[in-house]
Amino acid sequence: MGLTLDYYNNKLAQPPTLNKEITPLQLAYGHEVVVGIFDTGIWPESASFQDGCGMKPVPSSWKGICEEGEEFDPSVACSRKLIGARYYLQGFEHTYGRITNSNHERNEYKSARDFIGHGTHTASIASGSIVKNASFFDFGHGIARGGAPMSRIAVYKVCWNQDSEGKCMEEDILAAFDDALHDGVNVISASFGGIPPLSPFFASSADIGSFHASQLGINVIFSAGNDGPSPSLVSNVAPWSLSVAASSIDRTFPTQLLIDYFFSITGQSFNSKQIKAILDDGISYFDNGICKARNWNNKTASGKLILCFSTIGPVTIGSATIAALLANASGLIFAEAMTQQIPDVDIIPTIRVNIDQGTEILDYIGLSQKKPKVEVTPSKTKIGQSPAPTIAYFSSRGPSSLAPDILKPDITAPGINILGAWPPHTPPTLLPIDRRSISWNFQSGTSMSCPHVSGVVALLKSAHPTWSQAAIQSAISTTAYTRDTTQDDILDGWSMKVADPFDIGFGHIDPLKAMDPGLVYDMSIRDYVIFLCSIGYHKAQIRNMLLIPPNLNINCPKESMNNYAHLNLPSITVSNLDSQITIKRTLRYVGRGIGVYFASVTKPDGVDVIVWPRVLIFSNHCKERSYYITVTPSKHSSGRYDFGEIVWKDKEHRVRSPLIICVNNKRVDVVDGDNFTVHSNI
């Protein structure tokens, strides 16, 4: 890939440091933490990226630059908020050819400036400044702020516009990691990934770069992917990084359809105006009722609101809106599965209803003597009227096909209809015919959930500057919650069954509890060396992957081979249990005074579980304690995973570890994969 580890070693002597002398308010907002955004660039003029009140000078540890480029003047674009900006073209242009712009049409900016909006959006979620009166055409109106609004932003443009999608190439990603680690970022947020089966660890630039980052105490947060709900398609599964699933928030946009003043149906939409039209079905305008542009019969639908079904064709919402626009319809009613009923920003007014509602409308059209009239009211923003969170149907699920004994995804965070900053020169739908100019846009995807976690990590870095990368991952994971706003179990938004760890990871992120987790599962570089041994790397290969320290013991213990259940992860996963196994875990006390923790166990079906000791006592003089989990199969091979948990509790803390067992399940071989895509615009 054109990079060597010597290049890292020559540039890096010590991990980036944080100033410990900061005020509580600054600490709460991520002051002095630098968040590296690996994405499509940034729109620096956005209100989200202006200097916040009380923001101090750029940290002295910062070594990065603001790189000049097309329509990107560093003296204007960069500030105390946006302190770094770089862009990487070599890999993209090698694959797709040189970027060219004509006088009439721009395809990209050959600079860190964002062309398609994705990077601007994710950066504002992670680290955006506090901005009043943010909204998308008055939807979601309120105060916008990133997860760590006083943190600094450094942008690394590694993804480029290719047919309105962000394409991110391996060599560009690795070059960005190289620069980011040298520059002094504290957190890296990367909303991209590939579709499994993927390359083995370290054939991927994301795995290599994030491994190097972990050795320097830098947390890397990835999106889990938008390839759900099928199992085993989760991406970014290395143990030294976080993979984030997407879930809903309790905000909806109900839109009422009044048909013939006889009955009404409520759907979901971002419709900002009153619409009066004639109601008609798709079969009148599209061959076989398949609402696609190529099926249009050249009949105009002017003044009509067309009803289309996702199941006829099938057809996607994107294809249906383009087809309805081509037919000159006043709008579209799109019937789809209830679990997919997520409003999106569309080129024409589009109201999403479920299949039952769509069928009711279709039956009424068929029984009417003449075409019904329909009146659509402007959509409203409602909060707190629906249970949340639920796991998004598109969010990629585990288990990992590459490393099934490592729980992925790790965590879930908001990823549906997230309002974020947007370049005013970029249409909200990315369609050239869309002439609207906006400063805020709604997006859905694990690309949006990823920077939520990145912002929380920045807060933890600010509050606990001495914590390791693994300790911060543990704090986020073990404090996650698994109950929704009604205090029921969080549901899988596709099946509407209770979400399991392969849907949700540890659960939904809880920033306040992560600040004070009580106990953490910590790891060192030596632990990752043992992991590399267990997946077949030999001494010379491991030596070449290490940055620091040069005298580290890299001899592989014999017992590590083909078994990494003993890696001190916060979860316990055994994907191939054929006999009794005893697993060791070590907890580190991050509280004050004396801590006494008691264990409780929920056994997975079909196994016996013994945890010993059942009580752990910590003090300032004895901050680490180990415990052992003995798991014994009590049934014949089932070929499926069963779920339990181990919880350590004191009076204030609840440290929860999922326990995931499959009796006699076999591993899955994987094959090589290539490029990455950004995880939004599902």
Side-chain angles (χ1 to χ4, degrees), residues 135-141 251-286 289 291 299-310 312 315-338 340-383 385-386 417 428-429 431 433-436 438 441-442 444:
S135 72
F136 173 78
F137 293 108
D138 215 33
F139 294 116
H141 185 274
R251 181 173 60 192
T252 58
F253 302 92
T255 309
Q256 187 180 59
L257 293 85
L258 182 60
I259 300 173
D260 271 349
Y261 297 98
F262 177 67
F263 73 100
S264 66
I265 283 178
T266 300
Q268 293 285 320
S269 178
F270 294 122
N271 175 47
S272 59
K273 60 184 180 180
Q274 190 94 359
I275 301 173
K276 294 184 178 181
I278 302 299
L279 186 59
D280 210 346
D281 58 66
I283 200 168
S284 301
Y285 306 95
F286 303 100
C291 298
K299 183 179 177 181
T300 181
S302 179
K304 306 289 178 58
L305 197 66
I306 298 176
L307 173 66
C308 293
F309 284 79
S310 64
I312 301 177
V315 64
T316 65
I317 182 65
S319 297
T321 53
I322 294 297
L325 179 68
L326 185 64
N328 198 33
S330 297
L332 171 71
I333 301 173
F334 191 70
E336 57 191 342
M338 183 180 295
Q340 295 177 270
Q341 199 178 334
I342 300 171
D344 201 0
V345 176
D346 300 301
I347 187 65
I348 62 171
T350 301
I351 301 93
R352 286 162 170 79
V353 298
N354 63 45
I355 296 294
D356 289 343
Q357 292 172 315
T359 302
E360 186 178 357
I361 296 171
L362 183 64
D363 289 343
Y364 186 82
I365 294 172
L367 293 172
S368 299
Q369 297 289 333
K370 58 181 182 179
K371 297 295 184 184
K373 295 179 180 180
V374 61
E375 184 175 322
V376 183
T377 62
S379 306
K380 298 179 180 180
T381 301
K382 295 289 185 181
I383 297 174
Q385 296 188 3
S386 60
N417 287 327
T429 61
L431 297 172
I433 56 175
D434 189 351
R435 300 299 181 185
R436 293 175 291 179
I438 58 173
N441 198 10
F442 284 107
S444 295

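On a predicted model such as this, the values are computed, not experimentally measured, just so you know.
Annotation for Phe253 and Pro343: closest pair CD1-CG, 4.1 Å, computed over non-hydrogen atoms. Gly140 and Thr381 make their closest contact through N-OG1, 3.3 Å (heavy atoms, listed as atom of the first residue, atom of the second, distance). When every heavy atom of Ala320 is checked against every heavy atom of Phe334, the shortest pair comes out as CB-CE1, 3.7 Å. A pairwise comparison of heavy atoms in Asn271 and Lys273 identifies ND2-O, 2.7 Å as the closest pair. Between Phe286 and Ala327, the shortest heavy-atom distance links the atoms CZ-CB, 4.3 Å. Heavy atoms only, all atoms of each residue included: Ala277 and Ser330 are closest at CB-CB, 4.4 Å.
The CG atom of Leu431 sits 7.0 Å away from the OG1 atom of Thr321 when rounded to the nearest 0.5 Å. Atom CD of Gln385 and atom NZ of Lys380 lie 10.0 Å apart (nearest 0.5 Å). Rounded to the nearest 0.5 Å, atoms CG (Asn417) and CG (Asn441) are 10.0 Å apart. Note that the OG1 atom of Thr359 and the CG atom of Leu307 stand 8.5 Å from one another [nearest 0.5 Å]. To the nearest 0.5 Å, atom CG of residue Leu326 and atom OG1 of residue Thr300 are 10.0 Å apart. In this structure, CG on Leu258 lies 8.5 Å from OG1 on Thr377, to the nearest 0.5 angstrom.
No donor-acceptor distance shorter than 3.5 angstrom exists from the side chain of Glu375 to the backbone of Gln274, with no hydrogens or angles considered. In this structure, Asp346 contributes its side chain and Pro349 its backbone to no donor-acceptor pair below 3.5 Å. No side-chain donor-acceptor contact under 3.5 Å links Asp281 to the backbone of Leu362. No side-chain donor-acceptor contact under 3.5 Å links Ser444 to the backbone of Phe442. No donor-acceptor pair closer than 3.5 Å links the side chain of Asn328 to the backbone N or O of Ala301. Under a 3.5 Å cut-off, the side chain of Ser269 and the backbone N or O of Thr350 do form a donor-acceptor pair. Remark: the backbone N or O of Ile342 is paired with a side-chain donor or acceptor of Arg352 at under 3.5 angstrom.
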inquiry  = Let's go through Tyr285 and Cys291 carefully: what are the C-alpha distance in whole Å and the side-chain angles of both, what is the deciding distance for side-chain contact (heavy atoms from CB on, under 4.5 Å) to 0.1 Å, and is it a yes or a no?
reply    = CA-CA 8 Å; Tyr285 306 95; Cys291 298; over 6 Å; no

Test side-chain contact (heavy atoms from CB on, under 4.5 Å) applied to Asp260 and Tyr364, step by step = CA-CA 10 Å; Asp260 271 349; Tyr364 186 82; 2.8 Å; yes

message = With side-chain contact (heavy atoms from CB on, under 4.5 Å) as the criterion, how do Ile433 and Arg435 come out once you've worked through the C-alpha distance, each side chain's angles and the decisive distance to 0.1 Å?
response = CA-CA 6 Å; Ile433 56 175; Arg435 300 299 181 185; 5.9 Å; no

query = Between Ile351 and Ile265, does a side-chain contact (heavy atoms from CB on, under 4.5 Å) hold up when you go through it step by step?
reply = CA-CA 10 Å; Ile351 301 93; Ile265 283 178; over 6 Å; no

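Side-chain contact between Leu257 and Leu279 is absent, with no heavy atoms from C-beta onward closer than 4.5 Å. Under the 4.5 Å side-chain criterion, counting only non-hydrogen atoms from C-beta, Ser310 is not in contact with Ile317. Residues Leu332 and Cys308 are in side-chain contact: their nearest non-hydrogen atoms beyond the backbone lie under 4.5 Å apart.
For the 3.5 Å distance criterion, the side chains of Thr429 and Asp434 qualify, holding a donor opposite an acceptor.
If you look at Phe270 and Phe137, their ring centroids are not closer than 6.0 Å.
Crowding of Lys373 atom NZ: a count of heavy atoms from other residues, nucleotides or ligands under 6.0 Å not exceeding 12.
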